[in-house]
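Everything below concerns the one structure shown next.
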Amino acid sequence: MTDKTPDHPEPRRKISPEALARFLEALSPDMEAAGHLYLRLHKKLINFFRMKGVSDPESAADETIDLAAVKILAGQVVPNVEKIGRAHV
């Protein structure tokens, strides 16, 4: 069981490293490019959720990416990964 005291905050990521790796591969087969695309997408999602008045836009962006990553790992086709955030309007 995870200790959720301030000294031991709950980890933000709730997906496996394999799911995150698959998500990055879906962004680009080149890992450096995938990293840049990930950061750009994460920033866009944060701005989107901030505009919508979400109280914790960073966590909402993380959860959106996590959801997409889990779906990709499960074999679901996500045709345009960069637009995944629009599903959460």
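Here the structure is a predicted model, which means the values were calculated and not measured.
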Check your understanding: At their closest point, which heavy atom of P57 faces which heavy atom of R50, and how far apart are they?
Key -> CB-N, 3.8 Å

Check your understanding: So among I46, N47, L39, which one has a side-chain contact (heavy atoms from CB on, under 4.5 Å) with K43?
Key -> N47

Check your understanding: Taking atom CG of L45 and atom CD of E58, what is their separation to the nearest 0.5 Å?
Key -> 11.5 Å

Review point. Is there a side-chain contact between L37 and R40, using heavy atoms and a 4.5 Å cut-off?
Key: yes

Review point. What pair of heavy atoms forms the shortest contact from A34 to S28, and how long is it?
Key: CB-O, 3.7 Å

Check your understanding: To the nearest 0.5 Å, how far apart are NE2 in H36 and CG in L41?
Key -> 14.5 Å

Practice item. Side-chain contact test, heavy atoms from C-beta onward, threshold under 4.5 Å: evaluate it for F48 versus T64 and give yes or no. Key: no

Check your understanding: Between L73 and M31, is there a shared hydrophobic cluster once you connect ILVMFWY residues whose side-chain heavy atoms come closer than 4.5 Å?
Key -> no

**Study point:** Euclidean distance, L24 CG relative to Y38 OH, rounded to 0.5 Å
**Key:** 7.5 Å

Point to revise | Shortest non-hydrogen contact between A26 and I72, atoms and distance | key: CB-CD1, 3.8 Å

